[in-house]
Amino acid sequence: MPPRTLLVEKFICRSCLLSLRKRTPTAQWALRRSSSQATQSLPSTAPPRASRQREDERQKTLEALGLLKESNDAGVSVNYFEQGKGGELRRLRDEDEFGQSLTDPDGETDNRLKELEQELEQATQFTKIVEEIWGKQGAEKLRKRIASQEDSSPKTSLLLPEENWPAPQDRTHIVQLNNMIRTVGRKARGGTLSLKRINSLWKYYSAARIALSKNWESIHADIWDLLWQILAADHPNNPNRMSHVHVLSKDMQKAAVTLRDDQLLLAIEATFISGFKEDAITAHKKLVTTLGANPETFVEFWQLGLRMYCLAGDIARAERVVYTLLESPYEKDPRFLLPFIRMCVGSPATVEKGFESYQRLRSALDDSITIDDYDQIISYFLASNETEFAFRIFVEMMTSSTVDLRGTHRMPSSVASPFFYGKWLKRLIGAGDLQGAYNVLLHMKSKGVMPQAIVVNGLIGAWLRSGAADNIQKAEEVAWAMINVRMQFLSIRRDMKNLATYVRLRQYGEGWPRANLETFSLLAENYKDRGIHSKMEELWGAFRETEIAPNSFILNQLLFSYLHDGQGKHVAALTRDLTNHYQVEPDSWTFMALWQALQVNRLIHLPPGQRLEEIPRTRLLFAEMVRSAHIFATGGIDIYLARYVLHSFRKLDDKYGLLLAYRGLRQIFKFEPPSTVVLELHVGSMDLERAAKGKGGLRLMHAGKQIEGYLKRRHEELIASGRLRAGDDLPEEVKREELGHFAELFLQNQISLLEDANTEQLLEKAATEMGLSGEVPSFDQV
């Protein structure tokens, strides 16, 4: 191309000049283009009066000067410009920079890519560090945890708008609810929420309801779904489920939210259970033509109606619903008849209809009927005092319907027996149906069947353990009735000896069995626990007349009753009399009562004169326990009994007796004192918590340091002797043994502080009185 002159550089034809002057301004986002494209894209605004000849002349002139663009664009130089936000033009280097300017105007993509590269490099380095510390499995768990947290973040639609609320407290409640939605949104993905989370969500939702009622439209459908999913969950962690559903469904209806079919049914049930029975029944009637005719909801809809009508006592409507369900072709569980049976059994006028419904249910279930089904139906009849029908159902259950009692006036011997009734009674008592069991007992007596004493005692024990006043009264009435039967039997037996052989006396009464040792034991334990000593004495008087040999259990109940009544001074003499008269061998509880009955344990303060009198009695009691040491051979001596023994000697300040008692417990009764007992002996108190207050706290701290120092020294000695390896802790068995040695050294040191020259003689005397002569080592032996 020849070089251009100045004339050519500044030449612009008139038509082009006119078009440039009249061009319209373009939007800022459209200014990034080349100069040639900008020229071509401008609209041609040449005046229509321009002649064709002038246009042809212009084209010829451009062609002569070499400025006319060729079709192939070969050899044409194109300049690219970019206009910034301030209107300044910047020339671009080449076409590549122009393309980059179009795709990434401000260079944000390059900067973001560089940032991503840096983050990726940092993540790679962090992953390597995690793998070095926790291994690949630990790194994988961390990645999954982070991914789950990101996935569990609630969607934007699950959050309420936090601005533009009428009152400041409204916004506060909305923010709190949003925070809880974020929390439960993450937790709900991991499974069922805890009781605390559900209650917190309900609390914040209840607080925000007033604010939400002003703008129901602000609640997204996803929020309603989340609230329903959590608050309507059928789970033990959601005990207030129905009340939540009732309120939530009302709010959703106010917000013009269309409830699903399952939500509608649950809302009706929640309304009924919440106490709005008429509203629930009315809502149910309105849906008869929709949900009641829909095959997918037919069975559930009508079963819900049946349950509501049964609970409301509307037997006519309930019966119509039963026929509707029975005649429907849809698959259903025959157990839907259970509420109808329960309602019918509640009234004597409809009990026959209830039994017929049971027979229909049994026929429908056939072999699939379970023991639980029988138990539930039997409980309905027993609760309504319809024992006769309940017994017929029980017979059908036990005999697989091979025995039919309908129309029979005399029961077969296979079922009219105390053994057959006993099975039923045990089942009812085990299930906790005590009133039903009592009704069965009365039914047995009406049929002339004598119940077994062991079964009646089981019911008496269940009544007493329940703690209910009515049950305790029934237990006492039945137990004393059995005691009276026992005493009547003995009276008849004594009278028979003075009558002729052909004369026979028959026992009369209410049909209860004779009381036995278990009957007396149950009453004695209850009277002792309740602190009714007057009834205990009355019971013991009756027990003497029944000619039943007592055992250690009933003896202990009597002793503890005296002790709790403040008559502990009679316990020792009563024990000697009863053990000698009835030849009852004492047990650990007997000795517990005897040690608690000592004056040093009953009285808060013991005068010095009585203290000297009590020392021989305490030593004699220990001698009696040594003679009965065989009863402790199996389970060992109880720690509480051992504490009473040791502290009795300590309270009496009998240091010789205390040392010998401690050695005797260790060697004869194989007692290894725990650290608490060692501390109690060192501090001189049975209540360490009380001793830790005031100045006693310093004494307790000093004792603890002494014990720790002794164990540390023994630990070092054992390591030095080779019995333990260096670095090994002191085993628990060795530690308890060393604690026992420490306590014995402490008690021995207490005697040394007396500086008595007759120490050996006093120890021998005490050992003889305590029955330990030759059983324990001398003072000098450890």
[Y] side chain reached by [X] side chain, heavy atoms, under 4.5 Å:
| X | Y | value |
| --- | --- | --- |
| Glu585 | His630 | yes |
| Leu459 | Leu425 | no |
| Leu753 | Lys655 | no |
| Ile483 | Leu539 | yes |
| Thr618 | Trp595 | yes |
| Phe622 | Ser648 | no |
| Arg714 | Leu730 | no |
| Tyr662 | Pro673 | yes |

Polar side chain donor-acceptor pair, [X] to [Y], under 3.5 angstrom:
| X | Y | result |
| --- | --- | --- |
| Asn749 | Ser752 | no |
| Tyr710 | Gln706 | no |
| Arg576 | Asn580 | no |
| Ser466 | Asn471 | yes |
| Glu518 | Asn516 | no |
| Asn556 | Thr590 | yes |
| Gln488 | Asn484 | no |

Spacing of [X] atom [atom1] and [Y] atom [atom2] [to the nearest 0.5 Å]:
| X | Y | atom1 | atom2 | value |
| --- | --- | --- | --- | --- |
| Phe560 | Leu555 | CZ | CG | 10.0 Å |
| Leu428 | Leu382 | CG | CG | 6.0 Å |
| Leu594 | Asn601 | CG | CG | 11.5 Å |
| His564 | Ile532 | NE2 | CD1 | 14.0 Å |
| Ser588 | Ile631 | OG | CD1 | 6.5 Å |
| Phe419 | Gln452 | CZ | CD | 5.0 Å |

Nearest heavy atoms of [X] and [Y], plus distance in Å:
| X | Y | result |
| --- | --- | --- |
| Ala623 | Gly771 | CB-N, 3.8 Å |
| Leu754 | Tyr656 | CD1-OH, 3.8 Å |
| Val584 | Asn551 | CG1-C, 3.7 Å |
| Ala767 | Leu660 | N-CD1, 3.4 Å |
| Ile548 | Arg486 | CG1-NH2, 3.7 Å |
| Leu646 | Leu658 | O-CD1, 3.3 Å |

Show the numbers, then the answer: is there a side chain to side chain contact (heavy atoms under 4.5 Å, CB included) between Lys474 and Leu434?
-> CA-CA 11 Å; Lys474 292 177 184 177; Leu434 304 184; over 6 Å; no
Do Phe391 and Tyr421 have their ring centres less than 6.0 Å from each other?
-> yes
Phe394 and Phe420: aromatic ring centres closer than 6.0 Å?
-> yes
Is a side-chain donor or acceptor of [X] paired with a backbone partner of [Y] at a separation under 3.5 angstrom?
| X | Y | value |
| --- | --- | --- |
| Arg619 | Glu769 | no |
| Asn439 | Thr387 | no |
| Asn199 | Leu195 | yes |
| Asp638 | Tyr640 | yes |
| Asn457 | Ile460 | no |
| Asp373 | Thr370 | yes |
| His715 | Asp728 | yes |
| Arg602 | Ala597 | yes |
| Arg666 | Gly740 | yes |
| Thr768 | Glu764 | yes |

Testing Arg650, Lys651, Arg643 for side chain to side chain donor-acceptor pair (under 3.5 Å) with His647, which one passes?
->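 Per the side chain to side chain donor-acceptor pair (under 3.5 Å) rule, the option paired with His647 is Arg650, out of Arg650, Lys651, Arg643.
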Got a sec: does the CG of Leu442 have more than 12 other heavy atoms crowding it under 6.0 Å?
-> yes
Heavy atoms of other groups near Glu689 CD, more than 12 under 6.0 Å = no
Classify the ring geometry between Phe742 and His682 as parallel (under 30°), tilted (30 to 60°) or perpendicular (over 60°).
-> parallel
Indicate the ring-plane relationship of Phe543 and Trp540, choosing parallel, tilted or perpendicular according to the 30° and 60° boundaries.
->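 Answer is parallel, since the angle falls under 30°.
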For Arg723 and Glu738, run salt bridge (Lys or Arg N to Asp or Glu O under 4.0 Å): C-alpha distance rounded to whole Å, both residues' side-chain angles, the deciding distance at 0.1 Å, then the answer.
-> CA-CA 14 Å; Arg723 294 178 59 184; Glu738 294 298 335; 5.5 Å; no
Are the charged groups of Glu716 and Arg713 less than 4.0 angstrom apart, N to O?
-> no
Might you work through the side chain to side chain contact (heavy atoms under 4.5 Å, CB included) test for Leu652 and Leu606, ending with a clear yes or no?
-> CA-CA 9 Å; Leu652 292 171; Leu606 193 64; 3.8 Å; yes
Applying salt bridge (Lys or Arg N to Asp or Glu O under 4.0 Å), run through Glu614 and Arg617 and close with a yes or a no.
-> CA-CA 5 Å; Glu614 281 296 309; Arg617 297 175 185 171; 2.8 Å; yes
List the steps, then state whether side chain to side chain contact (heavy atoms under 4.5 Å, CB included) holds for Lys426 with Val455.
-> CA-CA 7 Å; Lys426 291 178 182 178; Val455 178; 4.3 Å; yes
Verdict with reasoning, Phe553 to Asp587, per side chain to side chain contact (heavy atoms under 4.5 Å, CB included) = CA-CA 9 Å; Phe553 178 82; Asp587 58 9; over 6 Å; no
